[in-house]
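For reference, the structure is listed below as C-alpha cells.
Below, read A as the first sequence line, B as the second, and so on, with proteins coming before strands; counting in each chain starts at 1.
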Amino acid sequence: MLEKQPDFPWRAGGGSLNNRAMLLFDTLTRTERNLRPMDGTSLRFYCCGPTVYGPAHIGNFRTFVLQDVFRRTLETGGIRTLHVRNITDVDDKTIRDSQAAGKTLTDFTRGWTEKFHADCASLGLLAPHIEPGAVEHIPQQIAMIEALVGKGNAYASDDGSVYFRISSFPGYGRLSRLDERELDLGKTQNARSSSDEYEKDSLSDFVLWKGRRPEDGENFWPSPWGEGRPGWHLECSAMIQEYLGDSFDLHSGGVDLVFPHHENEIAQSQCACGGHFAAHWFHITHLLVDGGKMSKSLGNMFTLADLTAKGHTAMETRYVLIGAHYRKPLNFTLDSLSGAREALAKLAKGARQLAANADPDAVLTSVGFGPFQAAWDSLNNDLNTPGALGGLFTGLREAAALKGAEASAALAGFNRVLRALGLTLPEEVSPLAADVPDAIRELAEGRWQARLSKNWAESDRLRDELAAVGWQVKDGKEDYTLTPI
RNA sequence: GGCGGAGUAGCCAAGUGGUAAGGCAAUGGUUUGCAAAACCGUCAUUCGAGGGUUCGAUUCCCUCCUCCGCCUCCA
C-alpha cells in the first residue's frame, strides 16, 4: 500500500477516471489492499497459465477471464500493466499424452497451445504481453536450481533428481497456513509412501529437477545433475525471475494452486533470488457445475467447443463466468447460459437507445462514468463483477431519460465499464442481411405477402416452416426481422 | 480428521448493524389476425436451522445441518 499516488501522465486529460485505487483481496494477508504499481510505472503481474495437454475447460477459463477483467479494469482506470502468463509445455501429462498421440512433445503442445489461444480470442481475452514456455527456459531453471543447491536449500539425490529442502526455509507455509493444518512437514525421515518414486530426505520436500526415466522417452535435457527435466513449481519461479525480477506486484491463479504450487514458488524464489517475490496474491475460486464438482465421469466437464456445439456463443460463456464474485463458488448451469443471451441482448438494446439519444460529437470528449459510476466502483471494490453487471442495467434505466451531451457522457461511461468487463454486445440482426440464406429469405418473403393478403393459414404455415429450419420471424408494423434460433 | 470457503426467491447472483441490487424464468396489461418481438407492470415481511448480543441482525457471536475446495504435479 503506497501512501503517495504516483503521477500517471497517460491518464485522460482533465481528470482521473479512477479517483481511488483498485481494492483487491490479498490471499497472503487476508485483507483487501490497494493496488499501485510498485515501480510507479506499470503494474507487473504473473498468472499461472495452462498445461497444454488437452482443451481447457470452462473452469480453467473462469480463472483466465477474471484475470482479464482484472487487467482491463486497471487499464481502464489509467494504470499500465505488464501481464505475464506462462505455458506449461513439459510435465507428466504432456509427456504421457504426447507419447500416446504418437507426436513429439513440441508438436503435441504446440497444437494445444494454438487451440488455447483460439479459445482465448473467442472469449475476448487480451493476450498477455509476455507468454513464456517452460521448455524454452530450461537454462534459467537450471541456473536457479544451481543457486539453491549452492545456498544449501536444495540437494541432489542418487537418481539424479534435485529436491528443495523445506526445513531450510522458515517462511514455508505462510501463504497456505500450513502451521494450522497439522501437517508434519520435514520430520518423516523414513516414512515414504509407495507412490513416492523419487528419493528424498523428507516426504514433504518437493522436486526441482527430475532425473531421466525410461518413460520420459526423448524428453530430457542435460544438467549438472545428469539428464532429466524440470519440476513444475520451478518453471514458474524461473520465468518470473526472468521477466519480472525478484519482486513484482501480483501473482494470480486458481485457488487450488495456493498449496503446494504457490507455496513452493515462494520458497524457491525467495531463497534463490532474495526479494519478496509477489506483493499481492489474487486467487480465483473454482466453479461448480449443477452444484457439484466438474468431472468427466459426470459428463459436465465443458470446454468452449462443447458449449459452442450446444449453440452458445463464447461471449455468453464469458457473461456467465463473470456473473459471480471471484471469491465465491460459481454454479455454472446451461440455463444460466441461455439467460446470458437475453441479458446481453438487453444490454445491446439499451446501448443502442442511448446512442440514438446521444450527441455524437460529445462522445469523444466526455470523461467519467455518469449513471454507470456505481458499476465502475463495483469493479474497483475487490473486482465485484456481478455488482458491475447489475450497475450496468440500473444505469441504463437511469440513462434512458438523458439526451444530447448527457446521453453521450453516459454512453462513454457505459462503454468504459463494458470494455473493463471485456464484453462485446451482439449486433442487431439485420432483417435481410447477406448472411440470411436465399431459401430462408424466400420463405419469409412468401409469408409476409401471405400475411399482407390476410391469408393467415398460409402465413402461419410458413412461420412454422421457418421455425423448423431454425429461423424466428419478428413482425414489425411495416416490415419484419429474422433471427437464427 | 485438519485448514479454507459457501448456503439469499423457480434458476443465476449482489449487498448491508436499520429493514433485501441486477439478470433469467414466470405472470398481468398494451399491442398483435393469433403468436413472437416490443412497451408498461407484478414477482423474497425474508436471506440453511436454532440460540445469543443489540433499540434493531440477513449482516456480529455460539451450536448444528448441508455443499464445495485444498491437504496427491487440478484453474
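Within the 4.0 angstrom heavy-atom criterion, base atoms lie near A:S459. Nucleic acid contact for A:P329: sugar-phosphate only, since backbone atoms but no base atoms lie under 4.0 Å from a heavy atom of the residue. Using a 4.0 Å heavy-atom cutoff across all strands shown, A:M301 reaches no nucleic acid atom at all. Among the heavy atoms of the strands lying under 4.0 Å from A:K293 are primed sugar atoms or P, OP1, OP2 only; no base atom is included. Looking at heavy-atom distances under 4.0 Å, A:N331 makes contact with sugar-phosphate atoms alone, never a base. At a threshold of 4.0 angstrom between heavy atoms, the contacts of A:H57 include nucleobase atoms, whether or not backbone atoms are also involved. Residue A:L392 is classed as having no contact, given no heavy-atom separation below 4.0 Å to the nucleic acid. Within 4.0 Å of A:R397, counting heavy atoms only, lie sugar-phosphate atoms of the nucleic acid but no base atom.
The ring-ring contact (aromatic ring centres under 6.0 Å, His included) with A:F414 is formed by just one residue from the set A:F393, A:F369, A:W376, A:F372; it is A:F372.
Between A:H251 and A:I240, some side-chain heavy-atom pair lies under the 4.5 Å cut-off. Residues A:L383 and A:M22 have side chains in contact (heavy-atom distance under 4.5 Å, counting atoms from C-beta outward).
Checked against B:A75, B:C12, B:A21, the side chain of A:S336 finds its nearest nucleotide in B:C12. When distances are taken from the side chain of A:T394 to each of B:A14, B:G22, B:A75, the shortest belongs to B:G22. Checking B:C71, B:A14, B:A36 against every side-chain atom of A:N384, the shortest atom distance belongs to B:A14. Looking at the side chain of A:V255, the nearest of the listed nucleotides B:A37, B:G69, B:C12 is B:G69.
Following rounding to the nearest Å, A:R327 (CZ) and B:G15 (C1') show an atom-to-atom distance of 14 Å. Rounded to whole Å, the distance from NZ on A:K474 to C1' on B:A35 is 13 Å. When rounded to the nearest whole Å, the span between CD of A:E465 and P of B:A35 equals 22 Å. Taking atom CZ on A:F393 and atom C1' on B:C12, their separation rounds to 12 Å, with Å as the unit.
Taking only distance into account, the side chain of A:D335 never meets the base of B:A25 through a donor-acceptor pair shorter than 3.5 Å. Between the side chain of A:R463 and the base of B:A35, at least one donor-acceptor pair of N or O atoms lies under 3.5 Å.
For the residue pair A:N264/A:Q268, the side-chain donor-acceptor check at 3.5 Å is not satisfied.
Between A:T333 and A:G390, it is A:T333 whose nearest contact on RNA chain B lies nearer the 5' terminus. Heavy-atom distances to RNA chain B give each of A:K328 and A:I58 a nearest nucleotide, and the one nearer the 5′ end belongs to A:K328.
Only the C1' atoms considered, B:G7 is 16 Å distant from B:G50, to the nearest whole Å.
Checked against the 6.0 Å centroid threshold, A:F116 and A:F64 count as a close aromatic pair.
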